[in-house]
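Taking it in order: structure first as structure tokens, then the write-up.
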Amino acid sequence: MPKITDKELKEWLNTPGSLQLIKSDKHNSDVLVKIPYKQDFDLLFCSHVWNADNLKLNEKLENAGLYYRKDGCIYNSSYSLRCCCEDSELFIEKSHKENFAEKLTELVRAKVEEIIGNKRSNISIKELSDGYLLNQMKYYSEHGAARDAKREFIDGKEPSDIVYKCPYSVDSMSDADYIQFIVDKELLVEREANEYIEKNQENILAQFYNNALLKKELQSIYDNPQHILHRVKAIIDAVKESEAKTVNVTINKDNKDFTFKYETRTLTFAPDSYYSSYNMRASDRREFENLFGRNADFYPNEITQITYGRKTIYDSSEFDVTETEDSAMAEQTM
């Protein structure tokens with residue numbers, strides 16, 4: 001069946017009072033219906049009609065899109081509408097409600113963060129009073145900050161990178177907001193941002209408090225060269241850069257050196273405390289258990305070298321030297 005041409009579609013959309021556009025062949029018809037909606041907008045519907053040249057009783061119409069007369073574009077267009085029309089510049093890509101909701105989320109977050117400016121002085125309250133948030137902050141102080149600092153350090157974040165981030169999110173939009181986004185999205189973003197700040201003063205302040213706790217924990221890792229995470233991060237970075245699937249790992253455990261093949265996937269994550277022997281190949285694991293015991297594991301500070309092919313990608317000597325120097329300095333001050 002021939003498709004509705006771009007010219008036919010434009011002429012129909014811009015002809016006041018023309019409510020139907022029909023494209024037919026001998027067997028069926030594609031019918032478009034245009035209904036005036038709000039100011040400057042038309043709702044579009046479509047139907048595929050068999051053996052007829054027009055709509056009939058009880059015909060089902062599918063919502064096909066929203067036409068904005070001012071810019072001459074079709075938003076939220078349906079698959080059926082696109083199928084019965086030629087490709088056209090009228091169809092706005094990624095203009096469905098979920099696309100605009102995602103874009104609105106992005107713009108409002110940016111606007112809120114711009115208004116807050118990572119300054120506590122830009123919110124009106126000075127203390128938390130919400131019991132739930134106070135309990136959350138207590139838990140974060142005792143458990144969450146250290147956990148998050150570990151993750152941020154491994155990801156290469158500095159304390160100065162910890163800034164206020166707006167968690168605003170919208171999954172769906174009302175028709176009114178959807179149309180407002182088309183007509184003047186800056187006005188909608190401004191409104192949503194101001195409403196968010198007004199209604200979430202305590203949540204914003206709580207994030208500032210938690211960020212301060214996180215910065216303190218993260219700074220303590222950077223200030224302590226002997227912190228195990230420095231070794232862990234060096235191992236992760238080296239293995240990721242190699243892009244290898246398996247590497248040769250040498251450890252010194254119980255004053256015994258042992259080299260084995262190991263899956264790099266496990267080495268790309270910071271362990272809770274140790275690495276499991278499970279990811280060794282079977283023959284290496286049996287030898288490992290003979291040397292160190294059936295339930296033994298190995299720790300980041302026991303890894304002395306990692307090689308891939310003939311290349312050494314990680315060597316613990318720089319950390320061992322630093323720890324030896326720090327220990328010597330500590331003894332001198334005693």
Using a cut-off of 6.0 Å, state whether more than 12 heavy atoms not belonging to [X] lie near its atom [atom1].
X: K38; atom1: NZ; answer: no
X: D223; atom1: CG; answer: yes
X: Y222; atom1: OH; answer: yes

Which residue pairs pass the side chain to side chain donor-acceptor pair (under 3.5 Å) test when at least one of the two sits in residues 118-128, sequence neighbours left out?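 Those involving residues 118-128 are S124-Q201.
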Can you check whether [Y]'s main-chain N or O pairs, donor with acceptor, with [X]'s side chain at less than 3.5 Å?
X: N200; Y: N203; result: no
X: N224; Y: S220; result: no
X: H227; Y: L229; result: yes
X: K157; Y: I162; result: no
X: H96; Y: S78; result: no
X: S95; Y: I92; result: yes
X: T5; Y: E8; result: yes
X: T105; Y: V170; result: yes
X: Q180; Y: D184; result: yes
X: T264; Y: K245; result: yes

Heavy-atom distance under 4.5 Å between the side chains of [X] and [Y], does that happen here?
X: E198; Y: N194; answer: no
X: P2; Y: K23; answer: yes
X: Y164; Y: E113; answer: yes
X: I182; Y: F41; answer: yes

Given the side-chain rings of Y262 and F288, with only the six-membered ring counted for Trp, is the space between their centroids under 6.0 Å?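 No, they do not, as the ring centres are separated by 6.0 Å or more.
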Are the aromatic ring centres of Y75 and F181 under 6.0 angstrom apart?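 No.
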Just how far is it from atom CD of Q207 to atom CE of M137, taken to the nearest 0.5 Å?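 Reported to 0.5 Å precision, the distance equals 13.5 Å.
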Between E93 and R82, is the closest basic N to carboxylate O distance under 4.0 Å?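 Answer for the salt bridge query: yes.
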Would you mind checking if K240 and D237 are paired as a salt bridge, meaning a charged N to carboxylate O distance below 4.0 Å?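 Here D237 does not pair with K240 in a salt bridge, since their nearest N and O are not under 4.0 Å apart.
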Which other residues end up in the same hydrophobic cluster as L32, if Ile, Leu, Val, Met, Phe, Trp and Tyr are linked when side-chain heavy atoms come under 4.5 Å apart?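 I4, L9, W12, L13, L21, L44, Y67, I74, L81, L90, F91, all in the cluster of L32.
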Given Q136 and Y132, is the side-chain hydrogen bond (donor to acceptor under 3.5 Å, both in side chains) satisfied, shown in steps? CA-CA 6 Å; Q136 272 196 327; Y132 176 75; 3.0 Å; yes
Which atom pairs, one a donor and one an acceptor, fall under 3.5 Å between side chains of residues 246-253 and the rest of the protein, sequence neighbours left out?
residue : atom : partner : partner atom : Å
N248    : OD1  : K261    : NZ           : 3.3
T250    : OG1  : T259    : OG1          : 2.8
N252    : ND2  : D257    : OD1          : 2.8
K253    : NZ   : D297    : O            : 2.8
K253    : NZ   : E302    : OE1          : 3.3
K253    : NZ   : E302    : OE2          : 3.3

